[in-house]
2 protein chains.
Amino acid sequence: MAGEVEPGRVRPGGRTARVREAVLRAAQDVLAEHGFAGLDLADLARRADVGKTTVYRRWGSVPGLVADLVVDMAERSVPRVETGSLLGDLRANARLVRCTLTDPRQGELFKALIVAAACDGKAAEALRHFYDIRVGEWAPCVDQAVERGEVPAGTDAFEVVRAVSAPLYYRLLVGGGPLDEAAADRAAEAAVAAARAGAYVRRGV
Amino acid sequence: MAGEVEPGRVRPGGRTARVREAVLRAAQDVLAEHGFAGLDLADLARRADVGKTTVYRRWGSVPGLVADLVVDMAERSVPRVETGSLLGDLRANARLVRCTLTDPRQGELFKALIVAAACDGKAAEALRHFYDIRVGEWAPCVDQAVERGEVPAGTDAFEVVRAVSAPLYYRLLVGGGPLDEAAADRAAEAAVAAARAGAYVRRGV
């Protein structure tokens, strides 16, 4: 095939990495524009100017490629904000989630990834792993709040961070009103109030 | 077409209603087994033993049919439980939502409907309408709690009921742990704690 970039076994950051980057970028474009149903390995190879056989050999299937895309996204860390209070920290987190989900490109991408996960076990596993990493990046703000005595000892930090995201994903996928900054702030306030009342303390430990 | 049931303009409960019931039941079967991507109008006509032209004339497209399916589901009301306390009422609601989402058939159906809504504006509008009705059926338990003085005046009843569902849909679609009864009870407890603290009081009214 003319113009094909053959990855081979080269050092990281070399041709293999460039092929991966080009194909994953093309996949993000297609997901954002046409959703999960628009993904096709042969079309991605064309868009990325990479040989079809290379793409089939490396990713095998559309769900396999989506899983790798999610791994790539998980590797790009977003720095956590530290404001000195749990409400301030979680409000920053809620606003960040809200910005991602309402961004025209990123919002469609996340919707498409959740659709992919609902349709395919491999994509679902990759997405769960991605969120474990993202949630884990923010969990320390809850542990710090426990140390400061803001919330009870034994509070499940991951559950609190997920509680901030849940109403925002609900608005994105199910409904109930616009994904505005007021919704983000309310999500943070509700999570803090419930955490203070002990709703996220681990049971039966 | 042999064996075709032609709806025509007959009284409700007659042939038109039977055709609708047969096609929507077939659509539920396909959604639960194969998801949104498995829906095809010609295949549904075959499964329901209804003429293809009848199905195309009545629903026009797969999203149109999904929208009608959601309307049909909204018409089947689930009775609200009254326990005398907001926590008791919302725990009953959370357990009901959890049972629906973990039921092998219903869970796949709801996942497929949310996927349909993520992919199509008409299906999204129908799903939003469906949830407005369902949430509205449970909202009075929050208004009663306001009257009993359990939560502050001005509490947005719809927001509280949605807050109970949000972490359960998050577990279904995004992740974070099993959709067990403990997760349902925690969702209810967190919503009540946040409501008591005033997190769902309407702002700027």
Side-chain angles (χ1 to χ4, degrees), chain A residues 34-38 108 110-120 124-125 127-132 134-135 156 158-177 182-183 185-204, chain B residues 34-38 108 110-120 124-125 127-132 134-135 156 158-177 182-183 185-204:
Chain A
H34 307 288
F36 182 63
E108 286 309 307
F110 273 89
K111 232 195 240 184
L113 292 172
I114 291 164
V115 166
C119 301
D120 180 86
E125 205 186 302
L127 197 70
R128 270 154 193 44
H129 180 67
F130 167 74
Y131 280 107
D132 283 346
R134 277 289 164 91
V135 170
D156 185 330
F158 277 67
E159 270 296 283
V160 176
V161 178
R162 286 190 197 106
V164 175
S165 278
L168 304 175
Y169 278 84
Y170 187 88
R171 286 199 175 208
L172 177 75
L173 298 164
V174 179
D185 290 352
R186 171 170 276 183
E189 285 159 33
V192 170
R196 276 194 191 128
Y200 301 114
V201 172
R202 281 181 218 91
R203 312 286 157 89
Chain B
H34 307 289
F36 182 63
E108 285 309 307
F110 273 89
K111 231 193 242 184
L113 291 173
I114 291 164
V115 166
C119 301
D120 179 86
E125 205 185 301
L127 197 72
R128 272 155 191 43
H129 180 66
F130 167 75
Y131 280 105
D132 282 346
R134 278 289 164 91
V135 170
D156 185 330
F158 277 67
E159 270 296 283
V160 176
V161 178
R162 285 190 199 107
V164 175
S165 279
L168 303 176
Y169 278 84
Y170 187 88
R171 285 199 177 208
L172 178 76
L173 298 164
V174 179
D185 290 352
R186 172 171 275 183
E189 285 158 34
V192 170
R196 276 194 192 130
Y200 302 115
V201 172
R202 279 181 219 89
R203 312 285 157 90

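By convention in this document, chain letters (A, B, ...) are assigned in the order of the sequence lines, proteins followed by strands, and residues within each chain are numbered from 1.
For A:L172, the part lying under 4.5 angstrom from a heavy atom of chain B is the backbone only. Proximity to chain A (any heavy atom under 4.5 Å) is shown, for B:F130, by neither the backbone nor the side chain. Residue A:F158 does not touch chain B at all, counting heavy-atom pairs closer than 4.5 Å. Contacts between B:Y131 and chain A at a heavy-atom distance below 4.5 Å involve the side chain alone, from C-beta outward. Of the two parts of A:V201, only the backbone, made up of N, CA, C and O, holds a non-hydrogen atom closer than 4.5 Å to a non-hydrogen atom of chain B.
Summarising the geometry of B:L173 relative to A:L127, their closest heavy-atom pair is O-CD2, 4.3 Å, with the distance given to 0.1 Å.
With A:R128 contributing its side chain and B:V174 its backbone, the two residues share a donor-acceptor pair below 3.5 Å.
Of the listed residues B:A182, B:A199, B:A117, the one with more heavy-atom pairs under 4.5 angstrom with chain A than any other is B:A199. By number of non-hydrogen pairs under 4.5 angstrom with chain B, the leading residue of A:G176, A:P167, A:A193, A:S165 is A:G176. With chain A as the partner, the residue from B:E159, B:R186, B:E108, B:E189 showing the most heavy-atom pairs under 4.5 Å is B:R186. Comparing A:A187, A:A195, A:A190 by how many heavy-atom pairs each has under 4.5 Å with chain B, the most go to A:A190. If you tally non-hydrogen atom pairs under 4.5 Å between each of B:R171, B:R196, B:H34 and chain A, the highest count goes to B:R171.
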